[in-house]
Amino acid sequence: MRLQGTMQVNEEGRLTIGGCGVEQLARQFGTPLYIFDEAHIRENCRQFYQSFGVAAGYSRVIYAGKAFLTTAMCRIIASEGLGLDVVSGGELYTALTAGFPAKDIFFHGNNKSYAELCQALEAGIGRFVVDNFAEMELLSRLAAERGQKARVILRITPGIEAHTHKYIRTGQIDSKFGFTLPNGQAMAAAQRVKELPGLEFKGLHCHIGSQIFELEPYSQAAATMLELAAQIKAATGLITTELDLGGGFGIYYTNEDRPCSIREYAETILGRVKEEARALNLPVPQVIVEPGRSIIGPAGCTAYTVGTIKEIPGVRKYVAVDGGMTDNIRPALYGAKYEAIIANKAARPPVETVAVTGKCCESGDMLIWEAKLPRVEAGDILVVTATGAYGYTMSSNYNRLGRPAAVLVYNGSADLIIKREDFNDLLRNDVLPPRLSNPE
Ligand code: LLP
């Protein structure tokens with residue numbers, strides 16, 4: 001069990017985060033509750049900012065909003081000098097509503113709609129990461145109609161396989177994303193950008209996958225992409241001034257995970273880009289990275305209240321909490337592993353191994369199959385750590401459970417950043433046709 005960020009166990013043996021007692025937070029805001037540690041989020045942003053040399057102009061760090069995005073999060077990201085990667089009209093709307101500078105927004109996605117492209121052009125966003133030919137043609141037309149130049153980065157599928165779960169692997173050829181490199185589509189895309197009006201070529205992008213612990217795939221991606229940049233330059237004269245290598249930097253969830261430091265990722269990537277650019281006689285492009293999980297994952301956790309406990313002697317002990325796959329689908333979807341701590345027994349050593357399950361009507365509704373904990377009792381506040389990324393953003397209302405609230409803790413104070421959904425919220429979109437309203 002690792003205490004992340006500002007998590008501490010106080011003299012009374014109770015868990016605090018950002019100077020706030022977790023039990024008090026649970027009492028004040030209810031459970032399940034997502035707790036975000038602002039100091040830790042900012043620390044992670046600064047690690048990226050400094051390691052990648054953003055101030056010196058070598059790089060840009062673009063936070064991948066899909067990991068966790070709210071208006072408050074947008075404010076934090078903007079104040080740390082990071083840009084923002086959005087993948088939908090909804091994420092873009094959130095960012096614009098929060099006053100996020102449009103020029104620092106990158107728009108991703110393999111199926112951007114007409115309406116989304118219009119919305120992004122009207123907002124004047126910084127970069128369109130163009131994924132396919134149909135999008136390129138449409139964007140060109142819409143930008144030209146408006147007398148605008150859309151600044152474009154081409155998403156390339158480089159054919160690099162990273163060792164991660166197949167659902168979150170994206171660098172391999174058989175992928176729904178991007179222009180395929182080895183079959184010539186990537187080069188054809190560059191040629192087309194040059195011909196079309198309304199587009200300004202800025203560079204190339206790839207994202208090899210997520211929760212990657214090795215440095216080598218990044219180094220390889222940098223080299224492969226620069227080789228492509230050299231071929232594009234030779235064939236079209238277009239210069240890759242920006243090289244976006246995506247996100248995917250691995251984090252600690254359990255003691256099976258051994259992440260590299262952000263500095264190691266930065267040194268590997270920046271070093272290889274410089275080296276290859278020199279070797280190919282290309283100007284060194286500005287490097288862009290798009291971390292999501294590594295900024296917000298370790299800085300968030302989820303507090304639950306323990307309810308029923310079922311012991312099957314000789315088999316397993318199930319400890320049920322008041323949330324589950326609705327607020328964290330990752331164990332069910334990817335077999336993701338987590339650790340837990342009991343906030344009110346944080347100094348006690350583990351004495352039993354239990355299975356932490358949710359309250360949904362589904363056997364796969366598991367949070368942790370083997371959690372080592374002090375003796376667990378109903379009413380305990382159980383905290384699952386490192387749930388900050390892809391927890392809330394992939395949450396659902398399965399079984400008509402309302403989504404939990406989220407609080408931001410900092411220096412002893414706690415602010416609500418997402419309200420808990422109540423029964424009225426669950427009915428908000430229900431429509432009762434008149435012919436069903438008056439049953440005979
Ligand atoms: N850039 C692009 C183009 C991406 O597709 C992604 C993630 C990122 C950046 C950020 O990757 P990160 O640094 O967060 O690993 N729901 C899955 C993860 C899906 C990631 C999708 N793309 C999960 O819960 O593990």
Side-chain angles (χ1 to χ4, degrees), residues 60-78 82-155 168 170 175-179 193 196 198-200 202 205 207 210 244 246-247 288 290-293 295-296 329 389-397 403 406 417-419 421 425 428-431:
R60 289 181 78 181
V61 177
I62 307 295
Y63 169 67
K66 69 207 85 180
F68 179 68
L69 198 71
T70 73
T71 46
M73 186 63 188
C74 287
R75 291 294 179 111
I76 295 175
I77 291 301
L82 271 52
L84 183 67
D85 144 7
V86 300
V87 293
S88 70
E91 287 187 357
L92 178 56
Y93 182 74
T94 303
L96 296 173
T97 305
F100 200 92
K103 67 173 181 28
D104 296 328
I105 298 178
F106 282 48
F107 193 11
H108 275 273
N110 69 308
N111 188 19
K112 302 180 187 79
S113 70
Y114 176 93
E116 286 172 330
L117 290 174
C118 294
Q119 180 192 5
L121 282 167
E122 269 144 38
I125 65 151
R127 297 288 180 275
F128 289 83
V129 183
V130 172
D131 188 274
N132 53 69
F133 290 105
E135 178 193 337
M136 191 189 292
E137 302 285 331
L138 180 58
L139 179 63
S140 159
R141 179 162 68 77
L142 295 174
E145 274 169 15
R146 288 169 171 73
Q148 277 179 257
K149 278 263 183 216
R151 289 166 296 268
V152 161
I153 291 181
L154 298 179
R155 175 154 186 175
I168 53 177
T170 43
S175 162
K176 73 169 184 169
F177 297 106
F179 299 98
V193 169
L196 286 172
L199 305 181
E200 181 186 342
K202 284 289 184 185
H205 170 281
H207 170 76
S210 220
D244 186 337
I288 298 165
E290 299 169 339
R293 187 191 318 267
I295 284 185
I296 196 64
I329 189 75
Y390 306 106
Y392 180 75
T393 53
M394 293 174 82
S395 62
S396 76
N397 290 127
R403 285 184 178 78
I417 57 168
I418 303 174
K419 283 198 268 186
E421 285 179 348
D425 293 317
R428 197 176 49 213
N429 296 322
D430 282 18
V431 179

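The model shown is predicted, which means the values in this text are computed figures rather than measured ones.
- Although no hydrogens or angles enter the test, the distance criterion places a donor-acceptor pair under 3.5 Å between the side chain of E135 and the main chain of D131.
- Counting all heavy atoms, side chain and backbone alike, S210 lies closest to R293 at OG-NH2, 3.0 Å.
- A distance of 10.0 Å separates CD1 of I296 from CG of L69, quoted to the nearest 0.5 Å.
- Heavy atoms only, all atoms of each residue included: A123 and A102 are closest at O-CB, 3.2 Å.
- The 12-atom threshold is not exceeded at OH of Y93, counting heavy atoms of other residues, nucleotides or ligands nearer than 6.0 Å.
- Note that OG of S175 is 6.5 Å distant from CZ of R155, once rounded to the nearest 0.5 Å.
- In this structure, L139 and L121 have side chains that are in contact, with non-hydrogen atoms separated by less than 4.5 Å.
- Taking every heavy atom of both residues into account, A143 and G198 meet most closely at CB-O, 3.4 Å.
- Under a 3.5 Å cut-off, the side chain of T393 and the backbone N or O of K66 do form a donor-acceptor pair.
- At distances below 3.5 Å, at least one donor-acceptor pair connects side-chain atoms of Y63 with backbone N or O atoms of F68.
- Salt bridge annotation for E200-K149: absent, with no cationic side-chain nitrogen under 4.0 angstrom from a carboxylate oxygen.
- Contact detail for D85 and E91: the closest heavy-atom pair is O-OE1, 3.9 Å.
- Although no hydrogens or angles enter the test, the distance criterion places no donor-acceptor pair under 3.5 Å between the side chain of E290 and the main chain of A64.
- When every heavy atom of M73 is checked against every heavy atom of I295, the shortest pair comes out as CE-CG2, 4.4 Å.
- A donor-acceptor pair under 3.5 Å is absent between the side-chain atoms of Q119 and the main chain of L92, judged by distance alone.
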- Using the ring pair (Phe, Tyr, Trp, His ring centres under 6.0 Å) rule, take H108 and H207 through it: C-alpha gap first, then chi angles, then the decisive distance, then the call. CA-CA 11 Å; H108 275 273; H207 170 76; 8.2 Å; no
- side-chain contact (heavy atoms from CB on, under 4.5 Å) between Y390 and I329: does it pass, once the steps are laid out? CA-CA 9 Å; Y390 306 106; I329 189 75; over 6 Å; no
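- Each of I153, V152, L154 was evaluated against H205; a single residue qualifies, I153, per the side-chain contact (heavy atoms from CB on, under 4.5 Å) test.
- With a 4.5 Å cut-off on side-chain heavy atoms, L117 and F128 count as touching.
- Using a 4.0 Å cut-off between charged side-chain N and carboxylate O, E137 and R141 make no salt bridge.
- Interatomic distance, D104 CG to L82 CG, rounded to the nearest 0.5 Å: 9.5 Å.
- Judged purely by atom type and a 3.5 angstrom limit, R146 uses its side chain to pair as donor or acceptor with the backbone of L142.
- N111 and E116 get closest at one heavy-atom pair: O-OE1, 4.1 Å.
- Of the residues I418, I417, T94, the one that meets the side-chain contact (heavy atoms from CB on, under 4.5 Å) test with T71 is T94.
- In summary, D425 and R403 do not engage in a salt bridge, as defined by a charged side-chain N under 4.0 Å from a carboxylate O.
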